[in-house]
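Since this is a predicted model, take the numbers as computed values, not measurements.
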Amino acid sequence: MVMMSEGNRLNDVVHRELDRDFCRENVTFGKDKKLLVGSVIGRRLFSVPDLGDTGAGNTGFGTVSDISIGHMALYGKYTLSCVEESAGSGRFIVTTPEGVRLPDATVGEAFVSPHINFTINDGDPDFVVGDSFTIEVAPGDGLTYQIDFTATDGRQIAYGFPIRDYDATEFNVNGVVIKKDAIIDFSALIWPEGTTAEQKEMAMGVLTSRGFVNKVGL
């Protein structure tokens with residue numbers, strides 16, 4: 001007897017949507033692979049530089065690298081300003097494009113936040129009070145892909161999932177995703193091969209912040 005395995009249907013994933021016109025969004029899936037209904041997706045909504053821009057007149061020769069964005073990232077310039085100097089180290093104030101102060105960053109330590117992530121690297125000579133950097137976050141092309149936890153441009157941030165299967169193996173494909181405010185079965189979501197438990201937990205936390213509720217336990 002031949003056994004056939006059937007993939008997800010939308011009602012295997014979604015228990016209830018608040019309002020289809022509100023919960024869904026038309027997107028373009030970038031040429032990459034076939035996405036199945038329930039596949040967790042990310043969108044290339046941001047463009048970030050490899051290195052931060054050095055302030056005019058900086059004394060310190062260090063750099064800002066390893067830049068990526070979080071799920072609360074804003075378009076515009078994030079500003080890093082040295083307020084405490086120390087041999088081989090230092091402390092920088094970090095402010096958003098809207099002027100909101102984030103936790104301070106320490107030279108040589110990875111800075112991680114829901115807004116932006118980076119590392120300030122020490123140089124010779126050391127940083128002095130008044131040295132600064134800016135990191136400009138610009139819009140990306142908006143294309144949608146299966147979530148990619150190694151990306152830095154928004155594709156690593158859980159955005160939602162497609163309402164049906166879409167085959168984007170040969171070219172970009174227009175489609176529809178559910179992006180927020182729905183009761184779903186988190187266990188029915190489809191993840192990239194090799195996704196860790198920690199990555200799933202982080203992504204499901206983002207989905208929860210977008211109004212997704214796990215129907216299990218309701």
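- The two residues Ile69 and Phe46 have their closest heavy-atom pair at CD1-CD1, 3.5 Å.
- Two residues are said to be in side-chain contact when any heavy atoms from C-beta on lie closer than 4.5 Å; Phe111 and Glu109 fail this criterion.
- Both Phe133 and Ile135 are members of a single hydrophobic cluster when ILVMFWY side chains are connected at heavy-atom separations under 4.5 Å.
- Between Phe61 and Phe127, the distance separating the two ring centers is not shorter than 6.0 angstrom.
- With hydrophobic clusters built from ILVMFWY side chains whose heavy atoms lie under 4.5 angstrom apart, Met204 does not share a cluster with Leu36.
- For the atom pair CG of Asn58 and CG of Asp53, the computed distance is 11.0 Å after rounding to the nearest 0.5 Å.
- Atoms CG and CD, from Leu10 and Glu17 in turn, are 6.5 Å apart once rounded to the nearest 0.5 Å.
- Looking only at distances, a side-chain donor or acceptor of Asp185 sits under 3.5 Å from a matching main-chain atom of Ser187.
- Between Asp66 and Phe118, every side-chain heavy-atom pair lies at or beyond the 4.5 Å cut-off.
- Under 4.0 Å is where a charged nitrogen must lie from a carboxylate oxygen, and between Glu25 and Arg43 at least one such pair does.
- Between the Thr119 side chain and the Asn121 main chain, no donor and acceptor come within less than 3.5 Å of each other.
- Every residue was checked against the side-chain hydrogen bond (donor to acceptor under 3.5 Å, both in side chains) condition with Asp32, not counting sequence neighbours, and none meets it.
- Between Tyr78 and His115, the two ring planes are perpendicular [angle over 60°; tilted spans 30° to 60°].
- Under the 3.5 Å distance criterion, the side-chain polar atoms of Asn117 are left unmatched by any main-chain donor or acceptor of Ile67.
- Residue Val83 is found in a hydrophobic cluster whose other members, listed by chain and number, are Ile93; membership requires side-chain heavy atoms under 4.5 Å apart, directly or through intermediates.
- Distance alone, capped at 3.5 Å, places no donor-acceptor pair between the Ser86 side chain and the Ser89 backbone.
- In terms of the ring pair (Phe, Tyr, Trp, His ring centres under 6.0 Å) criterion, Tyr145 has no residue partners (sequence neighbours excluded).
- Rounded to the nearest 0.5 Å, atoms OG1 (Thr106) and CD (Glu84) are 8.0 Å apart.
- The CG atom of Leu102 lies 7.5 Å from the OG1 atom of Thr95; values are rounded to the nearest 0.5 Å.
- Checked by atom type and distance alone, the side chain of Arg210 pairs as donor or acceptor with a backbone atom of Tyr159 at under 3.5 Å.
- Residues satisfying the side-chain hydrogen bond (donor to acceptor under 3.5 Å, both in side chains) test with His71, not counting sequence neighbours, are none.
- At least one side-chain heavy atom of Phe29 sits less than 4.5 Å from a side-chain heavy atom of Val177.
- Applying the side chain to side chain donor-acceptor pair (under 3.5 Å) test to residues at least two apart or on different chains, the pairs with a partner in residues 133-142 are Arg44-Asp141.
- Remark: Val129 engages Glu85 in a side chain to side chain contact (heavy atoms under 4.5 Å, CB included) (not counting sequence neighbours).
- Within a 6.0 Å sphere centred on OH of Tyr75, heavy atoms belonging to other residues, nucleotides or ligands number more than 12.
- Counting only heavy atoms from C-beta outward, the side chains of Asn174 and Val27 never approach each other to under 4.5 Å.
- For Asp19, the side chain to side chain contact (heavy atoms under 4.5 Å, CB included) partners at least two apart in sequence or on another chain are Asp21, Phe22.
- With respect to the salt-bridge test (charged N to carboxylate O, under 4.0 angstrom), the residues Lys34 and Asp167 do not qualify.
- With contacts defined as side-chain heavy-atom distances shorter than 4.5 Å, the pair Val40/Ile190 does not qualify.
- Annotation: the span from Thr195 atom OG1 to Glu193 atom CD amounts to 9.0 Å, rounded to 0.5 Å.
- The shortest non-hydrogen separation linking Asp104 to Arg91 is OD2-NH1, 2.5 Å.
- For Gln146, the side-chain hydrogen bond (donor to acceptor under 3.5 Å, both in side chains) partners at least two apart in sequence or on another chain are Lys33.
- In this structure, the side chain to side chain contact (heavy atoms under 4.5 Å, CB included) partners of Asn172, at least two apart in sequence or on a different chain, are Thr28, Lys31, Leu143.
- For residues 174-212, every residue pair satisfying the ring-ring contact (aromatic ring centres under 6.0 Å, His included) rule, not counting sequence neighbours, is listed here: Phe161-Phe212.
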Output, in order, the C-alpha distance, side-chain angles, deciding distance and verdict of side-chain contact (heavy atoms from CB on, under 4.5 Å) for Leu80 and Ile120.
-> CA-CA 9 Å; Leu80 290 52; Ile120 303 174; 3.9 Å; yes

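- The two residues Ala203 and Ala158 make their nearest non-hydrogen contact at O-CB, 3.6 Å.
- Contact between Val13 and Gly38 at its shortest, heavy atoms only, is CG2-CA, 4.1 Å.
- For the pair Val64 and Leu51, the minimum side-chain heavy-atom distance is 4.5 Å or more.
- Note that CD1 of Ile147 and CG of Leu189 are 10.0 Å apart. Values are rounded to the nearest 0.5 Å.
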Derivation of the side-chain contact (heavy atoms from CB on, under 4.5 Å) call for Ile178 and Ile163 | CA-CA 7 Å; Ile178 299 178; Ile163 64 169; 3.6 Å; yes

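- Open room surrounds CG on Asp50; 12 or fewer heavy atoms of other groups in view lie less than 6.0 Å from it.
- Judged by distance alone, with hydrogens and angles left aside, the side-chain atoms of Thr96 form a donor-acceptor pair with the main-chain N or O of Val100 at under 3.5 Å.
- Under the side-chain hydrogen bond (donor to acceptor under 3.5 Å, both in side chains) criterion, Asp126 pairs with no residue, sequence neighbours left out.
- Across Ile41 and Pro162, no two heavy atoms sit closer than the pair CG2-CD, 4.0 Å.
- In terms of modelled atom types and a separation under 3.5 Å, the side chain of Asp131 and the main chain of Cys82 share no donor-acceptor contact.
- By the side chain to side chain contact (heavy atoms under 4.5 Å, CB included) test, Ser81 pairs with Thr79, Ser132, sequence neighbours left out.
- Between Leu74 and Glu98, some side-chain heavy-atom pair lies under the 4.5 Å cut-off.
- In this structure, the side chain of Gln156 engages the main chain of Gly154 through a donor-acceptor pair within 3.5 Å.
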